[in-house]
Amino acid sequence: MSEKAFIIQSSPHFQDKDSVPKIMITVIIALLPAVAASVYFFRLRAIGLYISCLVACLLTEAIFLWIRKKPFQSLWDGSVVITGLLLAMTLPPTLSLELAIIGSVVAVAIGKQVFGGLGHNIFNPALVGRAFLQTAFPVAMTTWLPPVTLAVDAVTYATPLGNLKFQEAVVQGTLTPIRQLFWGNTGGCIGETSAIALLLGALLLITKKTIDWRIPAGILLALTAFTGVFWIAGPDKYASPAFHILAGGLLIGAFYMATDMVTSPIYSKAIWIYALGIGIMVGLVRLFGGFPEGVMYSILFMNTFVPLLNRTFKPRILGERRRTS
Amino acid sequence: MKTKTFPHGIHPPEGKESTVEKKLEFLPPPEKVVIPMHQHFGNPAEPLVKKGEEVFLGQKIGEATSLFSASVHASVSGKVLSVDGHNHPLGKPVLSVTLANDGEDRVYPEWEETEHPFEFDPDQIRKKVKDAGVVGLGGAAFPTAVKITPPKDKPIDTVIINGCECEPILTADYRLMMEYPDEILKGAELVRIATGADRTLVGIEDNKKKAFDLLHQRAASYSAEVFLVKTKYPQGAEKNLIYALLGREVPRGGLPFDVGVVVQNVGTAKAVWDAVKTGKTLYERALTVSGDGVKEPKNLIARIGTPFQAVTDCCGGIGEDVNLVIMGGPMMGLSQWNLDVPVIKGTSGILAWSSPKPTTEFSCIRCGRCVEHCPMGLVPTQLMKYVKYEQLPEAENWGALDCVECGSCQYSCPAKIPLVHWIRLGKNQIMSQKRKKSA
Amino acid sequence: MELVAIFISAVLIQNFVLYYFLGICPFLGVSKKIDSAVSMGLAVTFVMTITAVVSWLINNLILIPHDLGYLQIVSFILVIASLVQLVEMFIRKISPPLYQALGIYLPLITTNCAIMGLALIAALNEYSFVETVIFGFGSGIGFTLAIVLMAGIREQLDLADVPESLKGAGIALIVAGIMALAFNGFIGMLT
Amino acid sequence: MSLSARMILVLTLVGLISGGFLAGVAKLTKERIALNVQAEIEEAIDEVVDDAEVDMLVYEEEDFVIYKELDDEGRLAGLAIQATGVGFQDKITLMFGLDASLEEITGLTIIDQSETPGLGAKIEDWEDFLQFWENRDARGLLTLRKPPVKTIGELLPTEINTITAATISSKKVLEIVNLSLERLKELIKQEKISVDVEEEDGN
Amino acid sequence: MATKSIRAEYIKGLWDENPVFRQLLGLCPTLAVTGTVITGIAMGLATAFVLILSSLVVASIKKLIPAQVRIASYIVVIASFVTIADQVLKAYFYPISEALGPYVPLIVVNCIILGRQEAFSSKNSVGRSFIDALGMSSGFILALLVLSSIREILGAGTFLGYEIMGSWFKPWIIMILPAGAFITLGILLGIALFIERKTKRSE
Amino acid sequence: MTELLIPTLTMTALGFLFSTGLVLAYKKLRVEEDPKIERVSLVLPQANCGACGYSGCRAFAEAVVNGEIEANGCPVGGSDVAQDVAAILGVKSGEVIQKVARVHCRGTHQAAKDRGAYLGISTCYASHLLGGNKQCSYGCMGYGDCVRVCLFDAMEMGEEGLPIINEAKCTACGKCVDACPRNILGMHPKSQNILVYCRSEDRGPTARKVCKNACIACGICVRACPDAIVLENNLAVITDYKKIDPENIPEIEKCPTASIGRLREKADE
Ligand SMILES: Cc1cc2nc3c(=O)[nH]c(=O)nc-3n(C[C@H](O)[C@H](O)[C@H](O)COP(=O)(O)O)c2cc1C
Ligand SMILES: Cc1cc2nc3c(=O)[nH]c(=O)nc-3n(C[C@H](O)[C@H](O)[C@H](O)COP(=O)(O)O)c2cc1C
Ligand SMILES: Cc1cc2nc3c(=O)[nH]c(=O)nc-3n(C[C@H](O)[C@H](O)[C@H](O)COP(=O)(O)O)c2cc1C
Ligand SMILES: Cc1cc2nc3c(=O)[nH]c(=O)nc-3n(C[C@H](O)[C@H](O)[C@H](O)CO)c2cc1C
Ligand code: SF4
Ligand code: SF4
Ligand code: SF4
Ligand code: SF4
Ligand code: FES
């Protein structure tokens with residue numbers, strides 16, 4: 001037939017406008033306030049970490065795509081950029097750049113590409129990178145600096161949670177004030193210190209429905225309840241829930257890392273269990289564990305449960321008999 | 001009045017503005033019609049005519065071969081040019097009767113008009129409907145005579161008339177409701193009598209308020225109640241509509257029968273009325289011609305067998321840059337590779353679009369939107385993966401066969417994965433394996 | 001409190017698979033499907049608990065009084081092997097469904113170093129009878145947790161684009177490595 | 001012979017042979033193994049108490065053992081205390097020495113530990129940790145110096161160095177020692193043991 | 001059964017049927033004792049000792065043993081040799097035996113050993129069994145050597161205890177921990193499979 | 001002396017105790033089952049490694065005997081064990097006619113017209129659901145579903161868009177035949193040297209319009225060899241290949257579209 005032939009494709013022929021790169025770019029935009037805050041507080045050290053993590057992550061991804069003969073498109077979908085950014089944000093300001101690069105390579109290679117790349121990984125890649133670094137170089141990963149805005153000329157500096165755990169800050173009355181935690185004028189990983197910047201971005205993510213609000217809600221709820229019980233029972237020994245929420249990596253973890261769609265459950269019951277699990281484990285580690293902070297471990301730990309949760313709580317098919325329990 | 005609805009689903013742009021006020025026009029019968037013997041769910045009909053024979057308008061030219069089949073009728077009067085395979089909107093060539101229109105529309109003499117159709121008993125109604133070759137005009141083209149013959153052990157209490165027209169763009173059902181409200185309600189009454197149900201419900205989406213008002217006002221004279229349902233896709237899918245109106249859930253793998261319901265499209269109701277009242281066979285149907293590639297979007301009543309080319313020609317032709325032609329709505333319609341296919345009983349619309357950009361596909365990021373929107377409560381991403389990685393038994397476990405292919409999942413997928421195509425692939429493979437096993 | 005600590009430690013902290021590297025063969029071999037992983041886990045828990053009891057008895061009633069510590073290896077393994085075989089036959093006789101669910105995993109367990117490891121570690125730690133039982137049970141639960149989580153992950157990885165050479169044991173070991181990292185969060189919690 | 005009889009016979013025989021064989025081997029190695037264990041403790045004592053020639057076990061509990069050390073002239077050289085406590089991961093067994101006046105710790109060595117290799121395990125082999133245990137004041141409680149210092153001069157007599165990134169393990173060692181000192185004092189007070197050489201001799 | 005040349009019987013254990021990389025057997029000790037090269041090799045040798053001797057014994061007594069008590073008898077044989085290895089290590093190589101901890105007794109349940117008895121020695125002549133055991137042991141030692149070298153070099157910067165990476169190198173402590181062991185072995189298995197597939201394809 | 005006696009006695013006693021226990025258990029608790037399972041079980045390596053996907057050697061033995069898995073399913077045992085197992089199961093590899101899969105389509109990229117731009121999933125079955133990518137709705141779509149299912153590496157996708165079968169490697173397992181949604185592949189005796197290279201049931205003019213290599217049901221071949229070739233649904237069908245020898249009946253090679261003929265190296269010769 002001489003006339004034109006049209007496209008053959010399966011229905012539906014309409015598609016929503018949202019796309020993977022758009023989602024990823026939204027997250028990147030949401031992270032910008034916190035990135036800016038970290039550059040403000042840690043200056044060149046922050047910039048160095050960002051650049052090395054981003055470059056190393058992108059290069060590692062590119063090499064893997066090349067080896068596996070996959071289209072390079074996923075280099076530009078933004079997911080690697082988020083991994084790089086988030087990894088950098090969870091590193092201490094003193095970390096030497098070659099370690100940051102090792103972490104980035106591990107994050108993308110072991111955390112993501114060995115599983116098959118975007119969408120296939122089980123664990124949060126940035127946190128795999130961070131956990132690797134934390135375990136491989138524990139000294140380097142726990143050496144802190146005060147932000148440039150604090151006129152303390154210390155070579156090292158304890159983070160608010162470190163203070164709480166190892167210096168008995170509550171008893172000594174040296175607990176970092178909430179106000180300082182809120183603005184970020186304190187020590188810690190470069191991207192985690194400024195609560196306000198993180199919350200600003202989180203607001204964007206929640207209003208744009210990029211993240212599932214139940215995850216941060218569940219985490220905050222569980223942590224508040226857990227630390228609250230102890231705080232009420234012994235305010236002279238335990239820090240308040242507000243402190244626990246604002247200190248350390250909780251906010252960045254709850255809003256930006258636990259919400260990673262690839263590594264969190266899909267259905268609402270499973271999501272609640274996942275989120276509550278993270279919150280409780282953070283509380284356990286911070287109050288009773290060997291580490292000052294447990295966000296990273298909690299998220300990775302609950303990541304291992306996600307496949308099971310997704311299977312156990314699959315939604316009821318319309319017309320399926322209700323499970324009688 | 002509160003609108004009723006079902007959980008999940010999506011709300012794509014409606015796109016009905018360009019045709020919603022366009023009255024149904026009768027499309028002039030073309031020179032030549034091509035009438036496939038297979039236009040319905042079930043087995044193809046057997047041709048009754050040979051090359052060279054003369055036929056009347058509405059004369060039966062294809063005989064239903066089994067219970068699950070429907071007869072086919074001439075949509076023009078004239079001469080049989082050939083009985084041969086011809087391109088078909090469903091993709092594969094189908095045995096079709098090509099008629100040369102003599103332009104006289106000589107009506108088949110055996111049609112009989114009835115004075116008091118409401119006094120018919122169910123069997124009489126069914127016989128009329130069957131003779132007229134009526135099939136569901138809402139999508140699946142299920143032979144209506146079968147549908148209104150409920151199994152003995154499954155009493156029907158409710159007939160639902162589906163006036164949702166939830167597909168974007170399409171407005172033909174709306175025009176039918178606006179222009180033939182009484183025929184529809186009377187047809188519904190006949191269906192109610194045939195099925196022995198107690199009541200008739202009509203569901204209309206709240207973006208068709210005028211149709212609701214009109215039917216609501218007329219319904220008083222028949223035992224029908226009219227309800228507004230929320231404008232949401234796929235409100236018109238029968239299982240969801242039943243849930244919205246009655247709160248009943250059709251069991252997995254079951255049919256509306258199983259919860260005492262029969263669902264009929266408004267067009268089908270009208271066709272039932274016509275068949276019983278006048279004996280008119282199903283040789284024409286209402287459809288919407290629209291899309292940005294169509295010069296003059298219209299609502300038409302077209303003869304079955306009219307080539308798409310003739311339909312679009314009558315709407316000013318299609319644009320130069322059109323590269324996608326769909327039979328049906330944008331959510332569930334079938335893409336056509338050329339216009340050399342005929343209008344069939346299931347053609348609810350013909351849409352032509354210019355270059356929708358081919359979208360780049362990403363890997364599933366498990367965002368869960370497909371799950372959130374699936375009206376059947378399925379996990380499309382999981383189904384897709386099971387099919388892709390060839391775990392068909394798992395796919396079946398997870399409900400692949402329950403998918404109604406509504407496309408809500410794929411519509412909302414940010415990774416642009418052809419979820420529906422995968423699931424259809426899985427359904428077909430599962431079914432063909434089952435067939436092999438039972439054979 | 002001591003008992004609770006032993007239990008929690010055996011489940012989460014000194015997990016047999018992720019900390020002691022014991023029972024890796026079934027951990028990799030039977031973690032392809034969740035159902036079989038659950039059964040395997042329960043079978044191991046069952047055998048571990050019995051082993052704990054019997055090995056404690058042998059060790060404390062026969063070997064230690066006669067200063068025969070060096071016969072631990074031979075006698076433990078003989079006991080375990082025979083016991084497992086007996087239990088298997090017994091279950092098979094009395095309850096075919098239970099056999100289908102658990103029994104078929106039992107032979108696999110005989111040569112599973114986790115069981116032997118349990119007997120030896122319990123002897124090494126000089127646990128009391130009750131402690132030994134709790135330790136055995138907890139270790140079994142820890143094994144079950146690890147293998148079921150692994151099975152869930154592997155079922156999901158069956159639907160992922162894992163590089164061909166890493167499919168199977170390779171990726172499973174990498175996952176185990178990351179799981180070991182994640183379980184690190186619990187260390188120090190009891191001390 | 002019936003199958004059953006053969007089964008029984010074979011397995012019994014295998015048991016018999018194996019038992020006899022192992023007994024033989026054990027007889028040959030037993031002494032050396034005992035010596036090895038003994039030697040390990042002696043070596044540890046030598047490391048923590050100077051001039052110890054004669055070791056006398058004076059007190060024994062499961063997690064707390066005291067040796068009295070005499071020099072070559074039979075005078076009290078000091079005490080060697082072996083104590084076990086919980087570390088970061090698992091139990092730590094250590095040995096430390098006290099001088100004859102019981103006022104100074106003369107040294108410390110770790111006998112058994114399963115702390116994290118590379119981190120907590122440094123308590124066993126990190127020189128800056130072990131060597132700074134010499135001459136610590138044993139009269140009061142010891143405390144931790146954090147961050148660690150390079151030379152012993154920078155430490156107070158009651159302070160010991162921390163291992164970076166293994167604060168907890170360092171602290172646990174410290175706690176075991178502090179607790180042992182308290183227990184020792186308690187025992188002396190209750191006169192369960194005596195550190196007087198003459199009296200011992202008289203026994 | 002096609003009889004292989006002696007050379008082939010030996011060589012197969014190194015690669016084609018390498019117990020660790022190809023058959024995934026004996027993974028527990030492979031992971032557990034490869035933190036340092038020395039423990040890795042010691043474990044390899046101990047396993048080789050048990051494997052070779054028990055293969056000889058099993059091959060020579062295979063005819064006498066009824067099938068029903070086959071496994072029990074083999075296990076007793078194996079366990080006897082393991083006990084001997086354990087005792088000898090304790091008596092003459094005390095530090096290594098301490099480092100290997102409970103993993104020496106666990107040789108008894110190393111699947112490689114029982115697996116070889118069942119799959120090979122119980123069906124083949126003494127000579128052949130010996131060669132097979134030798135090959136399998138070599139393959140096992142090889143695997144332990146590769147894994148432990150990587151782990152020790154990256155994890156401590158040393159090889160056989162000697163500093164080789166220079167002072168600029170920061171040891172990756174994770175490599176001597178469980179996580180590092182799993183991940184390294186996982187990657188090695190991947191590489192082994194990759195090589196295997198490449199060579200197969202080019203055939 | 002007791003130093004030697006006690007351990008020896010202890011071990012002897014243990015050995016005796018457990019062997020007796022086992023013997024009793026065997027007598028009392030034995031469950032009857034297919035003796036083949038035991039026999040298969042005995043030839044397996046007993047590594048109980050689970051590598052076969054079953055929970056151990058015994059479970060594998062049961063599965064083999066029940067036909068759930070092939071005799072060569074034990075990766076540890078290798079081919080020796082596989083042979084032993086096969087021997088126990090009595091699997092015959094004897095006297096069947098050697099068959100081989102063959103391709104019934106010559107609709108190459110040049111010969112068969114495309115049917116618009118197919119934008120769906122790149123598998124034959126998926127494409128078939130939407131009517132395929134070629135105008136001929138009987139022809140090979142060339143996405144290689146068949147190639148992917150062949151476990152024996154016996155197929156590859158040729159440059160012309162048709163699968164090529166390596167007859168030396170083909171084991172006639174039939175997987176490809178099942179995989180093809182259009183029944184393009186057929187299983188034939190290796191000795192059959194004539195084939196109809198088309199599956200189109202379109203009438204001649206249509207068939208020819210969409211593919212220049214299609215069988216147009218002209219009947220030349222039928223006339224050449226009426227005993228062994230018939231026309232069915234517009235398609236030539238060979239009913240008995242033994243009766244046709246292309247050497248003796250050269251007429252069948254007169255097929256105007258060459259859609260029947262002897263085996264060819266390449267599809268489009
Ligand atoms: C809300 C949200 C949170 C994310 N958080 C993370 C994160 O914590 N770590 C990370 O590596 N990537 C994060 N990403 C980006 C990708 O999802 C991430 O790259 C993914 O987990 C890695 O696997 P993928 O790249 O295969 O998706 C996030 C993305 C979104 C949308
Ligand atoms: C996703 C989906 C959407 C549908 N939408 C409509 C609709 O808008 N209107 C309609 O009449 N039928 C619709 N149908 C078809 C109905 O489910 C049902 O088959 C029909 O109303 C039955 O009537 P009929 O037999 O008269 O066609 C839809 C079906 C599906 C699966
Ligand atoms: C895998 C891992 C193992 C660790 N093992 C020990 C250990 O054995 N002993 C110890 O004191 N700290 C160990 N730590 C570090 C502690 O958790 C804790 O961070 C540290 O004691 C705090 O010391 P700092 O204040 O000097 O940083 C380990 C950390 C990790 C990540
Ligand atoms: C999301 C996130 C998670 C973190 N998780 C951990 C953790 O699990 N363990 C840890 O020691 N530090 C973690 N950190 C760094 C932690 O906040 C920092 O170490 C503490 O402030 C130290 O006291 C994390 C930081 C971020 C941003
Ligand atoms: S899975 Fe099926 S029913 Fe569910 S949204 Fe997708 S197409 Fe619709
Ligand atoms: S909507 Fe698309 S990307 Fe999201 S879970 Fe479903 S398939 Fe995956
Ligand atoms: S799938 Fe089977 S029949 Fe087809 S080519 Fe391959 S080996 Fe031959
Ligand atoms: S023969 Fe069939 S399966 Fe193979 S490529 Fe052609 S259409 Fe696809
Ligand atoms: S060596 Fe196989 S289970 Fe441990």
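None of the values given here were measured: they were computed from a predicted structure. Chain identifiers are assigned alphabetically (A, B, ...) following the order of the sequence lines, protein sequences preceding nucleic acid strands; residue numbering begins at 1 within each chain.
Applying a 4.5 Å heavy-atom cutoff, the residues of residues 127-134 of chain F that approach chain A are F/L130, F/G132.
Among all heavy-atom pairs drawn from A/A5 and F/G116, the shortest one is CB-CA, 3.4 Å. Minimum interatomic distance between A/Q9 and F/L119 (heavy atoms only, all atoms of both residues): OE1-CD1, 3.9 Å.
Heavy atoms of other residues, nucleotides or ligands lying less than 6.0 angstrom from NZ of A/K208 number 12 at most. Other residues, nucleotides and ligands place no more than 12 heavy atoms under 6.0 Å from the CZ atom of F/R203. In A/R311, the CZ atom is crowded: over 12 heavy atoms of neighbouring residues, nucleotides or ligands sit closer than 6.0 Å.
Annotation: side chain to side chain contact (heavy atoms under 4.5 Å, CB included) contacts of A/F64 (sequence neighbours excluded): A/T60, A/A109, A/Q113.
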